[in-house]
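Below, all heavy atoms of this structure are taken into account, side chains as well, without hydrogens, waters or symmetry copies. Numbered from 1 within each chain, the chains take letters A, B, ... in sequence-line order.
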Amino acid sequence: MMYLLALVIAISLGWLALQLIIKDRLGFYLSLFLGAALGLGIIGQIIFYLQLVGNNFNHFLPPLISLILLGILYLAKKTKKIQSPRIVKNFSLLVLPILAIPLWMEAHYFPSGGWDAWSCWNLKAKFIYLGQDHWKDIFLPILWRSNTNYPLALPIINVWFWHWTGFSQNVLMLNSILLTLLTTGVLLLGLQELKVSKVKAAIVTLAVFTLSFGNTLSISQYSDALFSLYLLAAFICYLLFRENKDDRLLVLTAVFIGLLSFTKNEGSIAAAILTSLLIIQRLPKPGKFIAILIAAALPTIIFILTMLPHNEAFTNGLTSPDKPSTLARLGYILIYTLVEFISLKWNGLWILAAVGLISNLRKAFVMPLAIIGLFFVLYIAVVLAYYQINTFFEIGWWMSNTLNRIIFVLMPSVFLWMALSLFRKDA
Amino acid sequence: MRNVVLILLVLSVAFNAGQLTLHLMHNQRHATEVHYHNLGDQFKGLETIFNHIRTVGYYTDKNIEEPLVVAQFEQAQYVLAPTVLDLNNTHHPFVIFDCSSPEVALNKIKELGFQPLKANNLGVVLALNPHAQNLKP
């Protein structure tokens, strides 16, 4: 019950903020899902700033400030007489309860999530929630196995729910399901908003989220789920902006890119790549876009400037005589990556996406859709370069434990790209 | 070609759904198996002793490079957070001995001159280091 209350507050905050930004520009359900994603980000930022100022998790202020903000947003919406979008029947939403069942079952089988959940993300959450004024011990070098240099969005969101429920592993299970269902909803409804029929949107969404291996990754309680959600939300808002030439959707794009940057280090890299790609697209009022993005990414900037500890799990292979970056390592990385994309665990979905994209080159590789492809290529290139340069870990072990997660978070965005190039009503 | 891709997507959904069902049924049959994520259970309860203690030692004679050993260490860290576990540093007032057997742990505790406080039958022993400088009564 308290979990639901925490969720309703977060969704309401995001919903009202979204209405103030875009008014009734988007359909009700897409607004709701994007609003929920935004609300979790807003809550995360409130707690981060409080943590920064008070150096201690305050059990009184996060709900108080959230409720005050909720009141302010509600009054602003009422004063500006913003109409809420109309609720219409949408049977394709049945996809969500259907997908919730396997997620729920698998989450119960892995109540502690994957390895990085207990050693990294949930550990950080426990330090923030219980660590009082020594919560920053999470950045101590002796905890290097816990990826001390990773940002705090997911742990802080988990702490928000713990604040209402008390420490509980169930909350972490529920949050991993919640984030996956939000991503599912954003893909399903985003496709529909971008003129893909309900049936085709549902088929594409189901193809991605019924994947058995993906189901396991989704409930792993990793920040990858948050990364996937914000990246997809940013792409959808940008494509809607291009379609409708409505600057308000560009504002929302900037907000989601900013939130993406605080999910994990790869999120910061992804945000930088996506921002660069968008800026060279001659955006209207690029200064305003950058200013909003910086505001949304401020926790990341503060984290990098004031908290980021030295990465103990980094050896620069370009300069290290003991562990140099070799051509053999590069060859291994490239071959492993190619083999990963055709691995049986994906049931041919990457190949299917490639076939779909290649079959309609004129749509898929023309702006604005091509921005997803460009992002995909640049992002994978940066990830592979990092595998090559950082020789701290044995490469076989490292890639087998991380690359599948890294590419899985891109899958909803890649299928958005493929589906829009093939199945738009005007395609 | 568009229709071919659509048909392939529908087939993917059907295949994925079947595989996912089998996968979940397999999980149900093996629901009681011990996984990595259960390894921290043997450290539960120690957090009440470590209340307000920022760092404790964690000694193990096992090879920390082994996945099961490092998983156990990291599970212990998660269960006991926000207390930090200092791996193989026995200079702290409290040290957890996670050894290959209770005998090995007790011998090491004796060798160091520590006092065992709490133990379980899996080789995990909590000991007090009377020589620690910042030992509080």
Side-chain angles (χ1 to χ4, degrees), chain A residues 98 101-102 105-106 108-115 117-120 122-132 134-135 137-138 140 142-143 145-146 200 202-216 347-349 352-353 355-356 358-360 397 415 418-419 422-423 427, chain B residues 1-33 35-41 47 51-55 57-58 64-65 67 70-71 73-89:
Chain A
I98 290 169
I101 296 166
M105 290 174 75
E106 185 116 33
H108 271 271
Y109 187 65
F110 294 110
S112 300
W115 192 308
W118 69 69
S119 81
C120 175
N122 300 341
L123 182 71
K124 288 181 200 302
K126 275 192 87 172
F127 271 85
I128 295 167
Y129 184 60
L130 300 169
Q132 298 175 355
H134 56 92
W135 69 277
D137 283 357
I138 191 63
L140 288 174
I142 56 172
L143 288 174
R145 287 180 182 81
S146 305
K200 286 173 184 164
I203 291 170
V204 170
T205 306
L206 281 169
V208 175
F209 289 99
T210 50
L211 184 69
S212 174
F213 182 64
N215 197 63
T216 306
N347 289 351
L349 281 181
L352 183 55
V355 169
I358 291 165
S359 69
N360 201 354
W397 173 86
F415 271 73
M418 188 269 280
L422 278 181
F423 302 133
Chain B
M1 193 61 189
R2 196 180 305 174
N3 288 337
V4 174
V5 175
L6 189 61
I7 290 166
L8 288 173
L9 279 168
V10 172
L11 291 174
S12 284
V13 173
F15 184 78
N16 285 351
Q19 191 187 43
L20 182 58
T21 307
L22 291 175
H23 170 73
L24 293 171
M25 285 166 65
H26 175 270
N27 284 358
Q28 290 294 312
R29 280 198 302 271
H30 297 84
T32 53
E33 281 183 8
H35 297 282
Y36 279 160
H37 59 251
N38 298 118
L39 292 168
D41 290 354
E47 71 273 14
N51 199 13
H52 301 303
I53 295 178
R54 287 177 70 166
T55 311
Y58 183 98
I64 198 70
E65 300 299 322
V70 74
F73 169 66
E74 294 191 19
Q75 277 272 305
Q77 177 60 83
Y78 176 61
V79 167
L80 300 175
T83 298
V84 175
L85 303 187
D86 195 354
L87 184 63
N88 286 337
N89 184 345

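Within the model, atoms NZ of A/K126 and CG of B/L80 stand 7.0 Å from one another, a figure rounded to the nearest 0.5 Å. The line from CG of B/L20 to CD of A/E106 is 7.5 Å long, rounded to the nearest 0.5 Å. Note that the OH atom of A/Y109 and the NE2 atom of B/H26 stand 6.5 Å from one another [nearest 0.5 Å]. Atoms CD and CD1, on B/Q77 and A/I142 in that order, are 7.5 Å from each other to the nearest 0.5 Å. To the nearest 0.5 Å, atom OG of residue A/S212 and atom CG of residue B/N27 are 8.0 Å apart. Interatomic distance, A/N347 CG to B/S12 OG, rounded to the nearest 0.5 Å: 7.5 Å.
Taking A/R145, A/Q132, A/M105, A/H108 one by one and counting their heavy-atom pairs under 4.5 Å with chain B, the maximum is reached by A/R145. For the set B/V70, B/L85, B/L87, the entry with the most heavy-atom pairs within less than 4.5 Å of chain A is B/V70. Contacts with chain B were tallied for A/V208, A/N122, A/L206; A/N122 has the most, counting heavy-atom pairs under 4.5 Å. Put simply, of B/F73, B/F15, B/Y78, the one with the most heavy-atom pairs under 4.5 Å next to chain A is B/Y78.
Contacts of A/L140 with chain B are made by side-chain atoms alone, with heavy-atom separations under 4.5 Å and no backbone atom involved. With a threshold of 4.5 angstrom between heavy atoms, A/L143 approaches chain B through side-chain atoms but not through N, CA, C or O. For A/L349, the part sitting under 4.5 Å from any heavy atom of chain B is the side chain, from C-beta outward, and nothing else. Neither the backbone nor the side chain of A/Y129 comes within less than 4.5 Å of any heavy atom of chain B. When heavy atoms are compared at a cutoff of 4.5 Å, A/S146 does not approach chain B at all. Only the side chain of A/N215 has a heavy atom closer than 4.5 Å to any heavy atom of chain B.
Closest approach of B/L24 to A/P102, counting heavy atoms only: CD1-CB, 3.5 Å. Nearest approach of B/A81 to A/F127, heavy atoms of both residues: CB-CE1, 3.7 Å. Among all heavy-atom pairs drawn from B/P67 and A/W115, the shortest one is O-CH2, 3.2 Å.
Within the 4.5 Å cutoff, no side-chain heavy atoms of B/E47 are placed close to those of A/L130. For the pair A/F415/B/L9, a side-chain contact is recorded, criterion being any heavy-atom separation below 4.5 Å from C-beta on. Using a 4.5 Å cut-off on side-chain heavy atoms (C-beta onward), B/M1 and A/L422 make no contact.
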